[in-house]
Peer 1: 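Below you'll find the structure I mean.
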Amino acid sequence: MSSIYLFFASLMGSRSMLLSDQALDELDYDNRLLAARSRGQFPDMVLHLSCDGDSITGGELIELKDSKSGYGVASFNSTIPTGKKPIATLGKAVLQQMGAEAAVLPIREVYYLVRGRQARRVKVCLTHGSFFETVPESTLLTEAFRKVLDEGLPEMNAEMKAKIASVFTQREAFSQTRDVDKASVKLRFRVMTEVKPEGNPLNPARYPQISDDSLNLIVPIHRSGDARRAVERLCAALGYAKPTPFKMGIIKHPLNGRFLVLQCPLT
């Protein structure tokens, strides 16, 4: 089964810790499930690979997003949120911790462990990155820079704007440090990504199914049977024959289809 279900099962088993005032990156997770752990660079955690019959699965990447100022998602300061990530783009320290597993499954699923607090209530969601990534990163960057050109150079023709904006299809193209002649400092641009209301699973107005004081696993439903398989995998991870320890529901993302929510109380 995918490792993410084992990780969520471990969170269910120690969910009271998620109510503490400790930051998410300071909590005691089940280290047996982790192939790598990091601070200050993406991702915060990498899960071990697992076997699913004859296939190797799992190895998901997890980023922690902790907010103490309401039911908002903390800004993404280092990477643009995504549903999948190439292993080759990870930092050297993370790859070294992963060892031989870094050579398996070159594209990994990405999840975000998101926690918000409001009026002494807590919501925690282990959310697939596609909840945040509704357009490809390259499109997001290109269209954002096209808007800059529209505002600053309204007289420029559309073809030239498209050509200039196409340079910014990858964050790395402009996030490198740039050295300018006769300047005593170097300049590096940094992208910060903020979640809109429709992309915030903690938002009670958009997603009332995500209850106060609850722990939730949110996974996309692309094909018939995806929801059933997700329930079976979590039951297997928990050692239950029936899905009695959690509630199930479907939420409709206005920009990215349906998602299954598997929920249990934090108390």
Side-chain angles (χ1 to χ4, degrees), residues 1-15 18 29-30 32-35 43-65 73 81-85 104-105 107-115 123-134 198-203 206-211 213-266:
M1 76 182 67
S2 265
S3 310
I4 199 69
Y5 294 95
L6 292 169
F7 182 76
F8 187 72
S10 75
L11 290 180
M12 289 179 65
S14 57
R15 56 187 179 270
L18 296 167
Y29 301 99
D30 189 342
R32 295 172 298 176
L33 301 176
L34 304 182
D44 290 301
M45 293 183 281
V46 181
L47 299 182
H48 278 300
L49 296 168
S50 59
C51 293
D52 189 0
D54 295 329
S55 302
I56 301 296
T57 63
E60 292 89 352
L61 314 180
I62 300 176
E63 182 79 351
L64 307 176
K65 305 305 298 179
V73 178
T82 182
K84 294 183 179 182
K85 193 81 170 175
V104 184
L105 291 184
I107 305 295
R108 303 289 181 93
E109 299 289 323
V110 182
Y111 280 79
Y112 296 85
L113 184 59
V114 178
R115 180 172 67 176
K123 292 183 182 181
V124 182
C125 295
L126 184 59
T127 307
H128 191 271
S130 58
F131 204 89
F132 305 118
E133 183 191 28
T134 56
E198 54 266 43
N200 178 7
L202 308 179
N203 186 338
R206 290 278 182 172
Y207 304 109
Q209 303 93 328
I210 308 300
S211 307
D213 297 324
S214 69
L215 169 65
N216 305 267
L217 176 63
I218 303 178
V219 295
I221 301 173
H222 296 305
R223 302 176 301 276
S224 173
D226 278 357
R228 173 183 54 80
R229 284 187 287 272
V231 171
E232 290 174 351
R233 287 167 178 165
L234 182 54
C235 285
L238 291 165
Y240 284 84
K242 296 181 180 180
T244 51
F246 54 86
K247 293 169 56 178
M248 296 173 287
I250 302 293
I251 57 177
K252 178 68 168 62
H253 193 295
L255 301 172
N256 218 18
R258 298 188 305 155
F259 287 77
L260 174 70
V261 179
L262 304 176
Q263 182 181 93
C264 71
L266 280 172

Peer 1: Short question: side chain of Arg115, backbone of Leu18 - any donor-acceptor pair under 3.5 Å?
Peer 2: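 Answer holds: yes.
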
Peer 1: Are side-chain heavy atoms of Leu113 and Leu11 found at a separation under 4.5 Å?
Peer 2: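 Yes - at least one pair of side-chain heavy atoms lies under 4.5 Å apart.
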
Peer 1: With sequence neighbours excluded, what pairs up with Glu232 under the side-chain hydrogen bond (donor to acceptor under 3.5 Å, both in side chains) test?
Peer 2: Arg228

Peer 1: Not counting sequence neighbours, which residues clear side-chain hydrogen bond (donor to acceptor under 3.5 Å, both in side chains) with Arg229? List them please.
Peer 2: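 In terms of side-chain hydrogen bond (donor to acceptor under 3.5 Å, both in side chains), with neighbours along the sequence ignored, Arg229 is linked to Asp226.
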
Peer 1: For Ser50 and Ser3, which heavy atoms make the closest approach, and how far apart are they?
Peer 2: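 Scanning both residues completely, I find the closest heavy atoms to be OG-OG, 3.5 Å.
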
Peer 1: Within the structure provided, determine whether Arg108 and Leu49 are in side-chain contact (heavy-atom separation under 4.5 Å).
Peer 2: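 When only atoms from C-beta onward are counted, Leu49 and Arg108 do touch, with a gap below 4.5 Å.
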
Peer 1: For Pro201 and Ile210, which heavy atoms make the closest approach, and how far apart are they?
Peer 2: O-CG1, 3.3 Å

Peer 1: Partners of Tyr207 by ring pair (Phe, Tyr, Trp, His ring centres under 6.0 Å), sequence neighbours excluded?
Peer 2: Phe131

Peer 1: Atom OG1 in Thr82, atom CD in Glu109: separation rounded to 0.5 Å?
Peer 2: 9.5 Å

Peer 1: What's the shortest heavy-atom distance between Arg206 and Glu198, and which atoms?
Peer 2: NH2-OE1, 4.0 Å

Peer 1: Would you mind writing out the side-chain donor-acceptor pairs for residues 217-224 within the sub-3.5 Å range, not counting sequence neighbours?
Peer 2:
none

Peer 1: Could you check whether any side-chain heavy atom of Leu47 comes within less than 4.5 Å of a side-chain heavy atom of Leu34, counting everything from C-beta outward?
Peer 2: yes

Peer 1: Would a 4.5 Å heavy-atom cut-off, applied to side chains only, mark Glu63 and Pro43 as touching?
Peer 2: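 Sidechains of Pro43 and Glu63: in contact.
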
Peer 1: In chain order, what residues pass the ring pair (Phe, Tyr, Trp, His ring centres under 6.0 Å) check against Tyr112, with sequence neighbours excluded?
Peer 2: Phe76, Phe132

Peer 1: Are any non-hydrogen side-chain atoms of Met45 and Leu64 less than 4.5 angstrom apart?
Peer 2: yes

Peer 1: Rounded to the nearest 0.5 Å, what separation is found between the CD1 atom of Ile4 and the CD atom of Glu60?
Peer 2: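 One finds 5.0 Å between CD1 of Ile4 and CD of Glu60.
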
Peer 1: Is the side chain of Lys85 donor-acceptor paired with the backbone N or O of Leu61 at a distance under 3.5 Å, no angle test?
Peer 2: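 Looks like no, no N/O pair under 3.5 Å.
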
Peer 1: Quick check for you: to the nearest 0.5 Å, what is the distance between Tyr5 atom OH and Leu126 atom CG?
Peer 2: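 CG of Leu126 is found 10.0 Å from OH of Tyr5.
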
Peer 1: Measure the spacing between CG of Leu6 and CG of Leu238 and express it to the nearest 0.5 Å.
Peer 2: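 Interatomic distance, Leu6 CG to Leu238 CG, rounded to 0.5 Å: 9.0 Å.
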
Peer 1: Which side-chain N or O atoms in residues 259-266 pair as donor and acceptor under 3.5 Å with protein atoms at least two apart or in another chain?
Peer 2:
residue, atom, partner, partner atom, Å
Gln263, OE1, Ser211, OG, 3.4
Gln263, NE2, Gln209, O, 3.0
Gln263, NE2, Asn216, OD1, 2.6

Peer 1: Nearest 0.5 Å please: distance from the CZ atom of Phe246 over to the SG atom of Cys235.
Peer 2: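 These two atoms lie 4.0 Å from each other.
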
Peer 1: Does some side-chain heavy atom of Leu215 sit less than 4.5 Å from a side-chain heavy atom of Met12?
Peer 2: yes

Peer 1: Mind checking whether Cys125 and Leu202 have side chains closer than 4.5 Å, heavy atoms only?
Peer 2: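 Answer yes - side chains close enough.
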
Peer 1: Any side-chain heavy atom of His253 sitting closer than 4.5 Å to one from Thr134?
Peer 2: yes

Peer 1: Is the count of non-hydrogen atoms from other residues, nucleotides or ligands lying under 6.0 Å from Lys252 atom NZ greater than 12?
Peer 2: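 Enclosed.
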
